[in-house]
Amino acid sequence: MTDLSKTDELFYSRTDMDCAQLESIVDETLKDADDGELFLEYRQSESVVFDDGKVKSAAFDTTQGFGLRAISGESTGYSHASELSEDAIRRASNTVKAVTRGHSGTMDGGPAQTNRSLYSDDNPLASLGFEAKVELLAEMDSYARGRDERVKQVSASLTGEWQAIQILHTGGERVGDIRPLVRLNVSVTVEKDGRMETGGHGIGGRTSYDPYIEPGAWKAAIDEALRQALVNLDSVPAPAGEVPVVLGPGWPGVLLHEAIGHGLEGDFNRKGTSAFAGLMGKRVASKGVTIVDDGVIDNRRGSLSIDDEGTPTQCTTLIEDGILTGYMQDRMNARLMGVKSTGNGRRQSYGHAPIPRMTNTYMLNGDNDPGEILAGVKDGIYAVNFGGGQVDITSGKFVFSCTEAYKIENGKVGAPLKGATLIGNGPDVLTKVSKIGNDMMLDPGIGTCGKDGQGVPVGVGQPTMLIDSITVGGTAV
């Protein structure tokens, strides 16, 4: 959590707002509410895209605003505006107080305090000038084209943001945070005998640009994108059927995130719409499967010192040795379910009310050697990278496309496959995990999660994992 004086400068010294007056407005707004807060935000963001040998687009934006929320039972009043002024907040107060009319609430205590900070509050956008960014992207383009004569198209981008927030609860409770976030992305298209394929890779986190603009870092990202593209050049149509699937470490954890993670968020379980609703304390996965949501990893894309309600984040065990042990909670759903918030109340911006969301969600290590896991599969698929997918939270059914996958034949990794999709049911898949590797990896820092029209940065991860049987949709005829 950032020293309040740093966010005070943004929200009070640079505006005509008075902190004591805002505290008074919050107390008056929430006097009959069960919960609520005033959320102040200031954000700078930028993006530079270099494509086909030239700057394709460049953008810089500054946004600011507030969101005021009052909660009465299960009902929420929420008002927001891009104007940071006491008058605007008073007008919002008159609107949101309507939800508490006729209600006499018992206000939850303010969030726990913490001095923990998981990232620097320096502004990454100021660490590298525009010309230097363009020169770097041009150098990346040149490097990628020089790696292989089959490279026909290169796209590279740098994106970053610097977000400052302050959250006011009743009784003068205030917390603040300043959050950096950067990402470097590269896409490479190759051509051979008239066939074109693309590979991509990205790296990022809550830091300055410095770790990612080191030559060793961006060259490795380009080499990985090129490797994927060249693999896809040799890919053959994927067969369809129900077969064992080995998921690689790291980014394939996005399947767990979507097919299982969303089903473990508090709101879906409180409403009974999750496939995991009512299963607390029961076996929902094979022995050895332990999944956590961990918001306290230094500098990770999904990490937060405090969530967007002001609650310190934590590492929450969701499934332990196959037993369901926890849900991810914001303050409202936690109160209604009679439990404590886990620091998972997140929002895209001041224009959105917070809801339960994941941070960094991953499966812990098992004790199997990854090579031995592959060697034990006679006929199956090895899925290393994933693209988009669809999930039904109520049933747990999912469909995911593989962007890099291979045929497994007699324990050996064989030909790369094109057009493979994994089709299954999240809770069912968890019970078919038979071997878990000892090579857990987190993704390289590229995840963004969508829910209820809001996108937030997240992390995923897992070790190599064998699912005994899952339906694979293919393109082979």
Side-chain angles (χ1 to χ4, degrees), residues 245-295 302 315-329 342 344 346 355-366 383 386 388-402 421-437 440-443 447-451 456 458-471:
V245 171
V246 176
L247 300 180
W251 179 243
V254 69
L255 189 148
L256 293 176
H257 168 102
E258 294 289 359
I260 297 156
H262 278 299
L264 298 178
E265 292 167 337
D267 49 352
F268 294 129
N269 287 279
R270 177 178 65 83
K271 298 171 184 177
T273 57
S274 166
F276 293 96
L279 298 180
M280 186 65 69
K282 297 183 179 180
R283 179 166 296 282
V284 296
S286 302
K287 286 184 67 64
V289 172
T290 297
I291 299 174
V292 302
D293 183 79
D294 188 353
C315 183
T316 302
T317 301
L318 306 173
I319 297 173
E320 185 170 13
D321 199 22
I323 305 298
L324 180 60
T325 58
Y327 298 131
M328 291 165 280
Q329 300 283 8
T342 56
N344 287 92
R346 305 190 63 187
I355 52 178
R357 305 294 298 273
M358 284 172 272
T359 57
N360 304 298
T361 311
Y362 56 92
M363 180 183 290
L364 300 191
N365 268 330
F386 286 92
Q390 294 180 330
V391 180
D392 184 313
I393 300 300
T394 303
S395 67
K397 293 180 180 179
F398 64 82
V399 179
F400 267 89
S401 61
C402 301
T421 58
L422 302 188
I423 305 166
N425 176 288
D428 180 58
V429 162
L430 284 180
T431 66
K432 294 180 179 179
V433 175
S434 61
K435 291 184 179 180
I436 303 171
M440 199 286 287
M441 290 173 50
L442 296 174
D443 76 280
T448 298
C449 172
K451 176 182 175 181
V456 296
V458 296
V460 300
Q462 67 171 51
T464 297
M465 177 174 66
L466 173 61
I467 302 171
D468 282 339
S469 179
I470 190 169
T471 301

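The figures here come from the full heavy-atom set of this structure, side chains too, leaving out hydrogens, waters and symmetry mates.
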Charged N to carboxylate O under 4.0 angstrom, Asp267 versus Lys271? no
Taking every non-hydrogen atom, the tightest pair across Phe386 and Cys402: CE2-SG, 3.8 Å
So how far is it from Thr361 OG1 to Leu264 CG, rounded to the nearest 0.5 Å? 9.0 Å
Lys451 side chain to Pro356 backbone, donor-acceptor under 3.5 Å: yes
Which heavy-atom pair separates Gly263 from Ser274 by the least distance, and what is that distance? O-OG, 2.5 Å
Over all heavy atoms of both residues, which pair between Met440 and Met363 is shortest? Give the atoms and the distance, please. CG-O, 3.1 Å
Closest non-hydrogen atom pair, Leu364 against Pro463: O-CG, 3.6 Å
Kindly indicate whether the side chain of Val429, heavy atoms from C-beta on, has any atom under 4.5 Å from the side chain of Ile470. yes
Under the 3.5 angstrom rule, does the side chain of Asn425 hit a backbone N or O of Ser395 as a donor-acceptor pair? yes
Please tell me if the side chains of Glu265 and Gln329 come closer than 4.5 Å, counting only heavy atoms from C-beta onward. no
From Tyr362 OH over to Asp443 CG, what is the distance, rounded to the nearest 0.5 angstrom? 12.0 Å
Do side-chain atoms of Asn360 reach the backbone of Gly302 as a donor and acceptor pair under 3.5 angstrom? yes
Under 3.5 Å, is there a donor-acceptor pair between the side chain of Thr464 and the main chain of Gly437? no
Check for a donor-acceptor pair, side chain of Thr273 on one end and backbone N or O of Phe268 on the other, with a separation under 3.5 Å. yes
Heavy-atom donor-acceptor pair, Asn344 side chain to Arg357 backbone, under 3.5 Å: yes
Does any part of the side chain of Thr359, heavy atoms only, come nearer than 4.5 Å to the side chain of Arg346, both counted from C-beta? yes
Here the gap from Lys282 atom NZ to Phe276 atom CZ, rounded to the nearest 0.5 Å, amounts to 13.5 Å
Looking at every non-hydrogen atom in both residues, tell me the closest pair between Gly461 and Leu256 and how far apart they are. O-CD1, 4.4 Å
Over all atoms of both residues, closest heavy-atom pair of Pro427 and Gly396: CD-CA, 4.1 Å
Please tabulate, for the side chains in residues 315-323, all donor-acceptor contacts under 3.5 angstrom to protein atoms that are two or more places apart in sequence or on a different chain.
from   : atom 1 : to     : atom 2 : distance (Å)
Thr316 : OG1    : Gln314 : NE2    : 3.1
Asp321 : OD1    : Gly288 : N      : 2.6
Asp321 : OD2    : Lys287 : NZ     : 3.2

Check for a donor-acceptor pair, side chain of Gln462 on one end and backbone N or O of Leu442 on the other, with a separation under 3.5 Å. no
Would you sort out whether Phe400 and Val391 count as a side chain to side chain contact (heavy atoms under 4.5 Å, CB included), showing the intermediate values? CA-CA 9 Å; Phe400 267 89; Val391 180; 4.0 Å; yes
For Thr421, what residues pass the side chain to side chain donor-acceptor pair (under 3.5 Å) criterion, not counting sequence neighbours? none
Non-hydrogen side-chain atoms of Met358 and His262 separated by less than 4.5 Å: yes
Checking side chain to side chain contact (heavy atoms under 4.5 Å, CB included) for the pair Tyr327/Met280: CA distance, chi angles, key distance, verdict? CA-CA 9 Å; Tyr327 298 131; Met280 186 65 69; 3.4 Å; yes
For side chain to side chain contact (heavy atoms under 4.5 Å, CB included), just list the numbers for Leu430 and Ile291, CA-CA rounded to whole Å, side-chain angles, deciding distance to a tenth of an Å, and then say yes or no. CA-CA 11 Å; Leu430 284 180; Ile291 299 174; 4.2 Å; yes
As an exercise, state the distance from CG of Leu255 to CD1 of Ile260, rounded to the nearest 0.5 Å. 7.0 Å
Donor-acceptor pair, side chain of Asn269 and main chain of Ala277, under 3.5 angstrom: yes
Donor-acceptor check, side chain of Asp392 to backbone of Lys397, threshold 3.5 angstrom: yes or no? no
Carefully, step by step, assess Ile467 and Leu247 under the rule side chain to side chain contact (heavy atoms under 4.5 Å, CB included). CA-CA 8 Å; Ile467 302 171; Leu247 300 180; 3.9 Å; yes
Contacts of Thr431 that satisfy side chain to side chain donor-acceptor pair (under 3.5 Å) - sequence neighbours left out: none
